[in-house]
Colleague: 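Dropping the structure in here first, questions after.
Residue numbers count from 1 along this sequence. Each ligand, and each atom within it, is numbered from 1 in the order the structure gives.
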Amino acid sequence: MADPDQHTRDLAAQRLAADDPTAWFEDLYAEASEGRAVVPWDRDAPSQLVEAWIGSRTSDGAGRSAVVVGCGYGRDAELIARHGYRTLGFDIAPTAIEAARQRHAGSPVDYQVGDLLALPEEWLGAFDLVVESMNVQALPAAVRAAAIAGVRSLVAPDGTLFVMAVARDDGEAVDGPPWPLDRAEIESFGDGLVVRSLERITDAVDPSISRWAAELVREAG
Ligand SMILES: C[S@@+](CC[C@H](N)C(=O)[O-])C[C@H]1O[C@@H](n2cnc3c(N)ncnc32)[C@H](O)[C@@H]1O
């Protein structure tokens, strides 16, 4: 089987050349479901920074709603649900959602197909917690501002947004996917929200990699 990262980039390149920046996700998940590809971000464990952040919260999610954007196979959605939130996980790829439902049979998470770039009206401003981890970085510059606006639009009054993304230096060229976020991009999640914390965290194993971890809130008017 081809190198998973290279194969992923090849699939993405074909769809990007056809000006369709999101179709390659379903291509990849569909191939993986037939054993013809490996999804590079397929891990049993939740994202470490999401786990550390939610674990540091003093209150649990009882009585609160959460949405996990681009949930893939559901690793972070399951984590958030374990913390007591009534959790929706959505992804643009139907095959990922079908696999998430099968992997986590009996889970309280509501897994749905959904497009961050064309969100259903009823999701807007509907969630006390929004988790965005490593999805915006998988989308090219042409749709990035719309994707960030989509993430922001999910946050309810008094709600919290947690964002995690691989970081790049200002002006640093990248050949994605992924396309890591620079400081201006991570800060743009804050339009209309209040930034509670924004850290750039160096990877413990590979110090050449660093990630943004940001917590933002929508103050009730
Ligand atoms: C790099 S993967 C990360 C998956 C997951 N967040 C994780 O950390 O395991 C990006 C995910 O975003 C999803 N995605 C991409 N564009 C999307 C969109 N417009 N709406 C919803 N999901 C999207 C992909 O299908 C994929 O599952």
Side-chain angles (χ1 to χ4, degrees), residues 4-9 11-12 15-16 19-33 37-54 66-81 87-104 107 109-120 123-124 127 129-154 161-167 174 176-181 189 203 209 211-214:
D5 290 329
Q6 187 55 52
H7 184 61
T8 298
R9 276 194 287 272
L11 287 177
R15 293 296 199 163
L16 288 162
D19 205 19
D20 191 344
T22 56
W24 63 272
F25 296 103
E26 175 59 21
D27 295 342
L28 177 63
Y29 284 116
E31 284 192 9
S33 75
V38 171
V39 174
W41 51 85
D42 181 8
R43 306 265 190 285
D44 287 334
S47 308
Q48 280 182 10
L49 292 181
V50 177
E51 189 168 31
W53 177 78
I54 195 78
V67 62
V68 176
V69 177
C71 64
Y73 291 135
R75 62 190 182 133
D76 291 339
E78 293 297 317
L79 167 75
I80 298 302
T87 305
L88 170 76
F90 78 90
D91 200 286
I92 199 166
T95 302
I97 291 300
E98 189 50 41
R101 289 178 182 147
Q102 285 178 11
R103 279 190 189 195
H104 310 291
S107 163
V109 176
D110 180 15
Y111 286 107
Q112 296 291 335
V113 176
D115 184 355
L116 180 60
L117 302 173
L119 290 165
W123 291 359
L124 303 181
F127 299 95
L129 172 61
V130 178
V131 175
E132 154 54 33
S133 176
M134 299 202 304
N135 307 309
V136 168
Q137 69 183 48
L139 297 170
V143 295
R144 185 156 288 191
I148 291 172
V151 170
R152 214 190 291 124
S153 74
L154 295 163
L161 166 62
F162 180 74
V163 183
M164 195 274 269
V166 177
V174 282
W179 298 270
L181 275 58
F189 279 91
D203 188 89
I209 299 172
R211 297 178 181 83
W212 301 112

Colleague: With Glu98, which residues qualify under side chain to side chain donor-acceptor pair (under 3.5 Å), at least two apart?
Modeller: Gln102

Colleague: For ligand 1, indicate whether the residue Gln137 contacts it via side chain, backbone, both or neither (heavy-atom separation under 4.0 Å).
Modeller: neither

Colleague: So which of Leu139, Thr8, Ile92, Leu28 gets nearest to atom 23 (C) of ligand 1, if we judge by its closest heavy atom?
Modeller: Ile92

Colleague: Considering only heavy atoms of Ser133, which atoms of ligand 1 have at least one such atom less than 4.0 Å away?
Modeller: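 Near Ser133, the atoms of ligand 1 are 6 (N), 8 (O).
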
Colleague: With a 3.5 Å distance limit and no angle check, can you tell me whether Asp76 reaches the backbone of Ser47 through a side-chain donor-acceptor pair?
Modeller: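 Answer holds: yes.
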
Colleague: Nearest protein heavy atom to atom 8 (O) of ligand 1, by residue and atom, and its distance?
Modeller: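 Of the protein heavy atoms, Arg75 NH2, 3.0 Å lies nearest.
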
Colleague: Between Gly70, Ala93, Gly72, which one has a non-hydrogen atom sitting closest to atom 6 (N) of ligand 1?
Modeller: Gly70

Colleague: So, Glu26 side chain and Thr95 main chain: donor-acceptor pair closer than 3.5 Å or not?
Modeller: yes

Colleague: Please check: side-chain N/O of His7 versus main-chain N/O of Leu28, any donor-acceptor pairing under 3.5 Å?
Modeller: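 No; zero donor-acceptor contacts below 3.5 Å.
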
Colleague: List ligand 1 atoms under 4.0 Å from Gly114, heavy atoms only on the residue side.
Modeller: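 That gives atoms 20 (N), 21 (C) of ligand 1.
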
Colleague: As an exercise, identify every atom of ligand 1 less than 4.0 angstrom from a heavy atom of Leu116.
Modeller: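 Answer, ordered by atom number: 18 (C), 19 (N), 20 (N), 21 (C).
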
Colleague: Using only atom types and a distance under 3.5 Å, with no angle test, would you say the side chain of Arg75 pairs donor to acceptor with the backbone of Asp44?
Modeller: no

Colleague: I need the minimum non-hydrogen distance between Leu116 and Val151, along with the two atoms involved.
Modeller: CD1-N, 3.6 Å

Colleague: Heavy atom to atom 27 (O) of ligand 1, shortest distance: which of Tyr73, Trp41, Tyr29, Phe25 holds it?
Modeller: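 It is Tyr29 that holds the nearest heavy atom.
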
Colleague: So for Ala96, does at least one of its heavy atoms come nearer than 4.0 angstrom to any atom of ligand 1?
Modeller: no

Colleague: Counting distance only, does the side-chain N/O of Arg144 pair as donor-acceptor with the main-chain N or O of Val136 below 3.5 Å?
Modeller: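 Looks like yes, one N/O pair under 3.5 Å.
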
Colleague: Which of the atoms of ligand 1 are close to Met134, meaning less than 4.0 Å from one of its heavy atoms?
Modeller: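 What qualifies from ligand 1 is 1 (C), 3 (C), 8 (O), 10 (C).
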
Colleague: Please answer whether the main-chain N or O of Ile97 pairs with a side-chain N or O of Asp91 as donor and acceptor at a distance below 3.5 Å.
Modeller: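 No, because the side chain of Asp91 does not come within donor-acceptor range (under 3.5 Å) of the backbone of Ile97.
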
Colleague: Which of the listed options, Asn135, Asp115, Val131, Leu119, holds the heavy atom that is closest to atom 10 (C) of ligand 1?
Modeller: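 Closest candidate by heavy-atom distance is Asn135.
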
